[in-house]
Amino acid sequence: MQRQKLLINGERLKNELERFARFGQTENNGVTRLALSDEDRLARDFFRSCCEELGLTVKVDDMGCMYANLEGTENKPPILIGSHLDSVKKGGRFDGVLGVLAGLEVVRTLVENNIKPQIPITLVNFTNEEGARFEPSMMASGVLSGKFDKNMMLKKKDSTGITFGEALKSIGYEGDVKNRLKEGTAFLELHIEQGPILEKEALSIGVVECVVGMACYDIEITGESDHAGTTPMSMRKDAFFAANNLINEIRSVLGSLDEELVFTIGRVNVYPSIHTVIPNKVIFSLEARHKNPKIVTTFKEFVEELPKRGLNEGCEVKTTKLWERDTVWFDTEIVNQLEKSTKSLGYSNKRMVSGAGHDAQFIASLVPSAMLFVPSFNGKSHCEEELTSWDECEKGVNVLLDTVLALLSK
């Protein structure tokens with residue numbers, strides 16, 4: 001006979017999520033909890049107290065990442081569960097914090113059922129995942145994985161000129177480098193989807209196979225400024241008209257390249273931005289994301305050929321690659337176990353990819369890692385309207401708990 005499934009306390013999870021939403025709560029029921037702010041410090045302090053009440057040992061590393069450890073009966077690399085507590089400005093109540101509190105609820109469930117894990121379980125709060133106050137995003141996990149240089153990150157400044165290092169000291173969370181995450185049996189991150197797919201397909205769980213690769217460019221068009229009323233159309237070098245031609249070409253070509261390719265022109269600057277002056281310069285960003293590196297390569301080749309496509313209106317076109325990242329595939333064994341646990345609990349699900357970046361993509365280079373998604377209402381995130389039902393949150397944490405138990409039994 002199949003054993004009775006151990007489940008979390010959904011009401012307790014709901015109450016904890018609501019308690020954490022008070023740290024930086026906005027007028028419209030969102031959250032502003034920028035990294036290393038007073039609001040972030042309060043959330044960190046409360047998280048520490050919750051962990052210590054359970055008997056967990058809390059340590060902090062040199063980037064401010066928090067590690068709350070439940071001892072195991074064997075001295076082996078821990079199962080890591082976590083995400084981040086910081087938010088964007090006027091963000092939501094679930095982004096990041098759900099993944100941290102998921103780990104807390106898993107440990108609470110084990111403790112109250114007198115389950116002593118064979119190997120340690122460590123809850124993790126990564127510093128500055130959002131990059132909303134100090135760029136770049138996923139700063140701390142990037143340093144831990146060797147993607148970013150620590151000294152450069154400590155010097156990053158917010159809009160008021162305060163450095164990351166100064167802010168870290170000011171809230172009392174500058175820890176010791178010896179406390180850094182170095183190894184683990186597995187890293188599990190539960191996150192809201194931040195997109196519309198699960199809700200549209202009426203599914204409860206997304207088992208994430210990878211974080212997709214991407215590339216981002218600046219497209220700069222240089223023309224000539226002249227009087228808007230006296231210069232004949234045939235004699236103009238209008239940078240904005242050239243930009244319009246290029247944007248139409250981009251949408252046409254990339255739109256037919258692959259149905260899973262997503263691409264965005266998110267920033268457009270026009271100069272001199274005077275209604276009586278023909279624009280002499282336009283700079284716009286263009287990024288694209290796809291799991292297949294061949295598609296990303298095709299995108300890059302297309303962008304770099306844009307200046308030669310005869311759409312320039314007599315202007316000069318220059319493309320500059322700002323950054324790129326490779327697709328990060330998660331550990332097959334852990335992904336399979338997450339899917340197995342989801343099915344054993346009877347939850348509707350699908351395998352999917354993440355277009356957004358997450359700490360797990362960097363940690364995957366250190367520890368076998370995988371992610372779960374739960375639905376986002378109307379696909380909204382990074383806004384006050386961000387919402388995931390309490391029931392879906394509970395289901396996601398139940399899958400984590402079942403997966404942890406399965407990993408412990410191996």
Side-chain angles (χ1 to χ4, degrees), residues 13-47 64 66 82-102 125-142 156-164 166-168 170-171 173 189-199 216 262 264-269 285 287 289 354-359 373-390 392-393 396:
L13 175 67
K14 170 181 176 291
N15 292 338
E16 208 67 281
L17 283 163
E18 289 182 327
R19 289 169 76 181
F20 272 81
R22 297 171 191 166
F23 302 116
Q25 185 171 10
T26 61
E27 291 183 2
N28 296 313
N29 207 27
V31 170
T32 297
R33 192 164 56 234
L34 301 180
L36 310 185
S37 62
D38 285 339
E39 294 80 10
D40 187 25
R41 175 182 58 80
L42 291 170
R44 286 166 169 264
D45 289 349
F46 187 59
F47 175 62
M66 303 174 67
S83 194
H84 60 97
L85 292 177
D86 66 309
S87 80
V88 299
K89 186 176 181 180
K90 292 188 177 181
R93 295 173 291 150
F94 300 87
D95 181 358
V97 66
L98 174 61
V100 177
L101 298 186
N125 168 36
F126 292 106
T127 303
N128 192 33
E129 190 271 355
E130 295 291 3
R133 181 183 179 192
F134 303 100
E135 295 183 355
S137 301
M138 302 177 293
M139 180 185 283
S141 59
K156 294 288 185 177
K157 294 181 179 181
D158 68 8
S159 60
T160 68
I162 297 173
T163 69
F164 179 90
E166 290 168 343
L168 193 59
S170 72
I171 69 164
Y173 274 87
E189 183 172 4
L190 172 65
H191 209 281
I192 59 172
E193 181 192 351
Q194 301 181 285
I197 295 172
L198 290 175
E199 185 191 47
C216 183
V262 294
T264 305
I265 297 170
R267 169 176 43 78
V268 180
N269 295 313
S285 64
E287 70 158 49
R289 310 184 187 211
S354 175
H358 298 283
D359 289 311
F373 282 164
V374 287
S376 295
F377 181 69
N378 284 335
K380 289 191 173 293
S381 183
H382 282 188
C383 61
E384 294 170 306
E385 295 81 13
E386 178 184 284
L387 182 64
T388 296
S389 74
W390 303 122
E392 303 291 14
C393 290

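Note that the structure is predicted; figures quoted are calculated from it, not measured.
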Using the side-chain contact (heavy atoms from CB on, under 4.5 Å) definition, which of the options Leu387, Leu17, Leu98 pairs with Arg93?
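The passing option is Leu387.
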
Shortest non-hydrogen contact from Leu36 to Leu168?
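Minimum heavy-atom contact is CD1-N, 3.6 Å.
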
If you take all heavy atoms of Ala140 and Thr127, which pair is closest and at what distance?
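The pair with the smallest heavy-atom distance is CB-O, 3.2 Å.
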
Just by distance, with hydrogens left out, do Glu189 and Ser83 show a side-chain donor and acceptor under 3.5 Å apart?
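Judged by distance alone, the side chains do pair up.
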
Quick check: do Pro136 and Lys156 have side-chain heavy atoms less than 4.5 Å from each other?
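Yes, side chains in contact.
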
When you compare the side chain of Asn378 with that of Glu385, does any pair of heavy atoms fall below 4.5 Å?
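Side-chain contact under 4.5 Å: no.
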
Between [X] (side chain only) and [Y] (backbone N and O only), is there a donor and an acceptor less than 3.5 Å apart?
{"X": "Asn128", "Y": "Ala35", "answer": "no"}
{"X": "Arg289", "Y": "Gly355", "answer": "yes"}
{"X": "Arg44", "Y": "Met66", "answer": "no"}

Would you please test Asp95 and His191 for side-chain hydrogen bond (donor to acceptor under 3.5 Å, both in side chains) and show each step?
CA-CA 7 Å; Asp95 181 358; His191 209 281; 3.0 Å; yes

Report the distance from atom [atom1] of [X] to atom [atom2] of [Y], rounding to the nearest 0.5 Å.
{"X": "Arg41", "Y": "Tyr173", "atom1": "CZ", "atom2": "OH", "result": "8.5 Å"}
{"X": "Glu166", "Y": "Lys157", "atom1": "CD", "atom2": "NZ", "result": "8.0 Å"}
{"X": "Thr163", "Y": "Phe134", "atom1": "OG1", "atom2": "CZ", "result": "7.0 Å"}

Count the heavy atoms belonging to other residues, nucleotides or ligands that lie under 6.0 Å from CD of Glu135, then report whether that count exceeds 12.
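Not buried by this count: 12 neighbours or fewer within 6.0 Å.
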
Lys380 atom NZ, neighbour heavy-atom count above 12 within 6.0 Å
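No, NZ of Lys380 has 12 or fewer neighbouring heavy atoms, counting only those of other groups under 6.0 Å.
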
